[in-house]
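These notes concern the structure reproduced below.
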Amino acid sequence: MIHPIPSGTRDVLPDEMRELRAITEAIREVFGTAGYGEIYTPALEYETVIGRANGGLRPAYRVFDENGSVLVLRSDMTVPIARVVATRYASAEPPHRFCYFAHSYRGVRPARGQPREFLQAGVELIGAPAPGGTAEALTVLCHALDAAGLRRYRVGLGDATLYPALLDSLGVAHDKRDALLAELARGDFVGLEHGLRELELGEQAIKLLLEVPQQRGGGDVLHGPAGPVADAVAGLRAIRGLLEPEVAERVIFDLGLSRAPGYYTGAVFEVYDPALGMPLGGGGRYDNLLGEFGHSLPAVGFAIGVDRLHIALAAEERL
Amino acid sequence: MNGQRLVIAIPRGALFAETLDWLDGLGVRTDEVRANDRKLLFSDVGLITMRPSDVPTYVAAGAADLGITGKDVLMEQSDDAVSSGGRDVYELRDLGYGRCRMVMATRDGPDPASAALRRLGVIRVATKYPRVAARYFDDTGRQAEIIEVKGSVELAPLTGLVEAIVDLTATGTTLRENHLVVREEIAESTARLIANPVAHKLKAAAIDDLLERARAL
């Protein structure tokens with residue numbers, strides 16, 4: 001008899017599980033050594049509680065409990081951990097360092113490396129402001145990927161406030177901004193140009209708004225633009241100054257990097273590997289999220305998609 | 001990071017000839033592609049040929065770094081409903097050629113679509129672009145039953161299967177020959193240069209170099 005399972009989910013059998021365990025054990029060692037305590041939170045949360053996170057991903061799965069309350073399957077671990085810190089660590093001295101190995105759920109179109117239930121290995125560093133906290137997160141990220149045995153990866157580093165600041169400085173109205181930011185998030189530079197031309201900004205401004213987000217590469221990217229993006233670029237330069245050489249050489253600066261969810265407030269980063277057509281992990285600063293749970297603290301975190309990392313490692317074996 | 005080789009997915013069919021001309025302009029050698037109708041993979045020049053609708057699939061998966069396909073294909077395959085903020089492919093350039101319009105057309109004479117909507121509450125629409133069509137009727141607040149067909153869409157309204165079609169037209173000749181008239185214009189489409197998001201970062205130098213040469217054309 002063949003019994004189906006829901007689209008975007010799958011069974012993991014011993015051969016694969018052994019390999020996944022080897023990856024997560026190597027990463028757990030790194031997280032532990034760096035002082036991150038492992039935690040676990042319920043897969044099911046109250047929609048009203050998780051929904052406090054402004055800019056959080058919309059949950060894909062909802063159910064009712066016996067009292068008629070709406071429960072959701074978490075779409076990431078960052079928001080639940082923000083809830084835990086506000087609830088259980090309100091009087092504790094920050095910074096707090098947590099790590100997790102847990103499944104989250106999203107309503108994506110199922111594909112290889114893109115299941116609806118996925119295992120993430122990640123950390124949240126709460127109470128450590130930029131740039132020090134960000135540099136620590138990037139360092140732990142690279143050490144974790146190194147320990148898993150991934151060799152060819154690079155980390156794209158940008159800032160979520162950069163493009164909004166640029167739009168502000170050129171007088172783009174707030175109600176027009178969201179559509180432009182959505183085009184950038186989709187990587188639709190043709191749509192972005194159309195949107196900008198409709199605003200009648202003048203050729204100089206349009207050129208700047210199109211060129212800045214396509215600047216990506218080594219440290220020279222950080223020398224170019226001054227003016228409205230200076231704050232964000234200075235932030236990136238400060239992070240670079242704190243990185244050890246092995247981590248710094250992995251970094252690609254990317255002035256157009258933009259990441260969902262929408263709660264990021266500063267540096268954002270993504271992990272790329274030539275074996276995989278999509279990022280295999282990422283994260284960033286979310287300095288306002290804890291405040292939405294009533295316990296304002298600056299924070300940064302990242303998550304590695306364990307299945308995607310596994311795919312990339314398998315591809316490297318074939319080289 | 002120089003000396004990176006790019007793999008470019010190019011569409012056979014209506015955009016094929018102009019795409020090869022565009023590549024010639026960039027200094028990419030296309031003579032072997034032109035000489036070989038059956039061959040699909042030209043690894044020494046980094047070109048792979050395929051149906052236009054397969055181009056985004058190969059690029060999204062990273063099997064090709066860049067690709068060229070019509071905006072119509074991208075519109076049909078963009079998945080705004082289930083996206084979680086991710087993006088499949090970057091759209092880098094409007095290449096300007098292959099211009100055509102996505103239209104809603106019906107038989108000539110009195111508009112059967114608005115009659116169906118008024119009397120029966122639903123328009124039946126045949127199309128090869130079910131997502132574009134569904135989104136368009138949703139956005140304009142009309143109920144439509146979308147019927148996906150693979151072959152000649154023009155046949156569907158002539159046989160009474162549907163009242164309207166949503167299809168791509170360049171000159172309008174096929175529509176006219178089948179006594180169909182354009183009632184509404186949905187979008188304009190041209191050839192687009194798309195990129196894999198990861199390749200866009202990891203092969204930035206090679207991609208920017210290609211874009212620079214394209215700008216000089």
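Predicted model, so just to flag it, every value in this text is computed and none were measured.
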Checklist entry - Is there a side-chain contact (heavy atoms from CB on, under 4.5 Å) between B/Phe42 and B/Arg29 once you walk through the steps? => result CA-CA 10 Å; B/Phe42 302 86; B/Arg29 291 190 44 214; over 6 Å; no

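For NZ of A/Lys207, the number of neighbouring non-hydrogen atoms (other residues, nucleotides, ligands) closer than 6.0 Å is 12 at most. Atom CZ of B/Arg213 is surrounded by more than 12 heavy atoms from other residues, nucleotides or ligands within 6.0 Å. Within 6.0 Å of the CZ atom in B/Arg34, the count of heavy atoms belonging to other residues, nucleotides or ligands exceeds 12.
Proximity to chain B is limited to the side chain of A/Asp254, based on heavy atoms less than 4.5 angstrom apart. Contact of B/Ile207 with chain A is made through the side chain alone, with heavy-atom distances under 4.5 Å. Interface residue B/Asp94: backbone and side-chain heavy atoms are both found under 4.5 Å from chain A. If you measure heavy-atom distances from A/Leu276 to chain B, the contacts under 4.5 Å come from the backbone alone.
A heavy-atom distance below 4.5 Å is found between the side chains of B/Phe16 and B/Ile10. Inter-residue side-chain proximity for A/Leu184 and A/Phe189 is flagged as met; some heavy-atom pair is nearer than 4.5 Å.
Ion pairing between A/Arg197 and A/Glu193 holds under the 4.0 Å rule for side-chain N and carboxylate O.
Panel note: side chain B/Thr30, backbone B/Val33; no donor-acceptor pair is recorded below 3.5 Å.
The stretch residues 60-74 of chain B places B/Ala60, B/Ala61, B/Gly62, B/Lys71 near chain A, each with some heavy atom under 4.5 Å from a heavy atom of that chain.
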